[in-house]
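Working notes, structure below.
Any value given below was found using the heavy atoms of this structure, including those in side chains, with hydrogens, waters and symmetry copies removed.
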Amino acid sequence: MRIHVATDHAGLEFSQLVQQHLREQGFEVIDHGPQEYDALDDYPAFCINAAQAVATDQAAGIPALGVVFGGSGNGEQMAANKVQGIRAALVWNLATAELAREHNNANVISIGARQHSAEEAIALIDRFIATSFPGDERHVRRVTQLAEYEATGDIVGKGVNPFELG
């Protein structure tokens, strides 16, 4: 499996440790940056590039997931979620890492580097990667609704689009 990784300056050390761990586990790791510390860097480009690579790989039938880091992980999750086909989940414990895959078929995990130790972050990532999407009908239906909205701006038969209200 291919794992795409991106961060901002706050997660750079985490990113390097995680990449080493993932390579030792036998994963192909693609680093989308940054390559060096810059306190003024902008995470959106790094995270969007990683998320786009996950979406591209998955569309080509290549098994891939993504890992993004930042101080809180919030902005990095938001950036990744701008990419069509990406379901990025901010996780903070083992249960949320597992549920992101089981219930939402998340394909990118976002972690706050200032919120966790490196060991905790690695445990979250390992759980995320090890958990599969079981494909329960209700979860497939919900993920399909998200993809439909992403593609069309609407969810057919599921009520009013709140953005169309005056």
Side-chain angles (χ1 to χ4, degrees), residues 1-8 11-35 43-70 73-113 115-152:
M1 178 182 297
R2 190 175 288 165
I3 310 291
H4 295 276
V5 179
T7 187
D8 73 350
L12 188 58
E13 287 184 41
F14 266 54
S15 179
Q16 294 165 345
L17 292 170
V18 165
Q19 288 181 53
Q20 178 182 345
H21 169 77
L22 292 171
R23 285 187 181 101
E24 290 170 358
Q25 300 301 310
F27 296 106
E28 177 186 359
V29 178
I30 309 295
D31 183 1
H32 293 272
Q35 303 306 314
Y43 62 83
F46 303 128
C47 295
I48 288 170
N49 287 339
Q52 184 61 60
V54 170
T56 299
D57 279 352
Q58 290 184 337
I62 299 168
L65 294 172
V67 179
V68 296
F69 295 100
N74 283 309
E76 294 73 21
Q77 175 205 26
M78 291 176 196
N81 275 320
K82 296 298 181 189
V83 175
Q84 188 167 1
I86 294 301
R87 290 169 307 282
L90 176 66
V91 301
W92 58 90
N93 61 28
L94 293 174
T96 58
E98 191 171 305
L99 289 170
R101 294 284 294 142
E102 287 180 348
H103 288 197
N104 308 110
N105 198 14
N107 48 13
V108 174
I109 187 175
S110 184
I111 299 172
Q115 316 305 314
H116 302 281
S117 69
E119 294 78 22
E120 290 170 335
I122 287 170
L124 295 173
I125 294 163
D126 286 349
R127 177 67 60 92
F128 178 75
I129 292 170
T131 304
S132 61
F133 180 60
D136 295 349
E137 187 276 330
R138 67 188 171 122
H139 300 305
V140 170
R141 184 179 67 243
R142 293 166 186 162
V143 170
T144 300
Q145 288 174 3
L146 292 172
E148 179 182 0
Y149 183 80
E150 188 175 61
T152 69

Non-neighbouring partners of H32 that pass ring pair (Phe, Tyr, Trp, His ring centres under 6.0 Å), sequence neighbours left out:
H4

At what distance, to the nearest 0.5 angstrom, does CD1 of I62 lie from CZ of R2?
4.5 Å

Among residues at least two apart in sequence or on other chains, which ones pass side chain to side chain donor-acceptor pair (under 3.5 Å) with D8?
none

Please check: side-chain N/O of E120 versus main-chain N/O of S117, any donor-acceptor pairing under 3.5 Å?
yes

Just how far is it from atom CG of N81 to atom CG of L146, taken to the nearest 0.5 Å?
9.5 Å

Using the rule given for side-chain contact (heavy atoms from CB on, under 4.5 Å), can you reason through V18 versus F69, listing the C-alpha separation, both sets of side-chain angles and the distance that settles it, and then say yes or no?
CA-CA 10 Å; V18 165; F69 295 100; 3.5 Å; yes

Pairwise distance CD1(I125) to NE2(H116) - rounded to 0.5 angstrom
10.0 Å

Can you name the salt bridge (Lys or Arg N to Asp or Glu O under 4.0 Å) partners of R142, sequence neighbours left out?
none

Heavy atoms only: give me the nearest L94-A123 pair and the separation to one decimal.
CD2-O, 3.6 Å

Under a 3.5 Å distance rule, please check whether Q77 uses its side chain to pair with a backbone N or O of A88 as donor and acceptor.
yes

For Q84, check side chain to side chain contact (heavy atoms under 4.5 Å, CB included) against everything at least two apart and list the hits.
E150, A151

Can you list the residues that meet the salt bridge (Lys or Arg N to Asp or Glu O under 4.0 Å) rule with E119, with sequence neighbours excluded?
none

Sidechain-backbone polar pair: N104 side chain, A106 backbone, donor-acceptor under 3.5 Å
no

Among all residues two or more places apart in sequence or in another chain, which pass the side chain to side chain contact (heavy atoms under 4.5 Å, CB included) test with Q25?
H21, F27

Salt bridge (charged side-chain N to carboxylate O under 4.0 Å, His left out) contacts touching residues 12-21 (sequence neighbours left out):
none

Can you give me the closest heavy-atom contact between A100 and V91, atom names plus distance?
CB-CG1, 4.4 Å

What is the minimum heavy-atom distance between I86 and A80, and which atoms define it?
CG2-O, 3.3 Å

Those residues that, when tested against L65, pass side chain to side chain contact (heavy atoms under 4.5 Å, CB included) (two or more places apart)
M1, I3, Q58, R101, N107, F128, I129

Which heavy atom in V54 sits nearest to a heavy atom in A64, and how many Å separate them?
CG1-O, 4.0 Å

Just how far is it from atom CE of M78 to atom OH of Y43, taken to the nearest 0.5 Å?
7.0 Å

List in chain and number order the residues that pass side chain to side chain contact (heavy atoms under 4.5 Å, CB included) with Q19, two or more places apart in sequence or in another chain; answer none if no residue qualifies.
V5, S15, R23, V29, D31

Indicate yes or no: at least one non-hydrogen side-chain atom of R87 is less than 4.5 angstrom from one of V108.
no

For A121 and I111, which heavy atoms make the closest approach, and how far apart are they?
O-CD1, 3.9 Å

Side chain to side chain donor-acceptor pair (under 3.5 Å) filter on Q115, not counting sequence neighbours, yields none

Determine which pairs satisfy ring-ring contact (aromatic ring centres under 6.0 Å, His included) with at least one residue from residues 75-107, sequence neighbours left out, and list them in order.
H103-H139

Nearest-0.5 Å distance, CD of residue E76 to CZ of residue F46:
11.0 Å

When you check the side-chain N and O atoms of E24 and Q20, is any donor under 3.5 Å from an acceptor?
yes

Heavy-atom closest pair (A50 atom, A6 atom, distance to 0.1 Å) is CB-CB, 3.7 Å

Counting only pairs under 3.5 Å, give me each side-chain donor-acceptor contact of residues 130-138, with atom names and distances, residues two or more places apart or in other chains.
from	atom 1	to	atom 2	distance (Å)
T131	OG1	R127	O	2.7
E137	OE1	R141	NH1	2.8
E137	OE2	R141	NH1	3.0

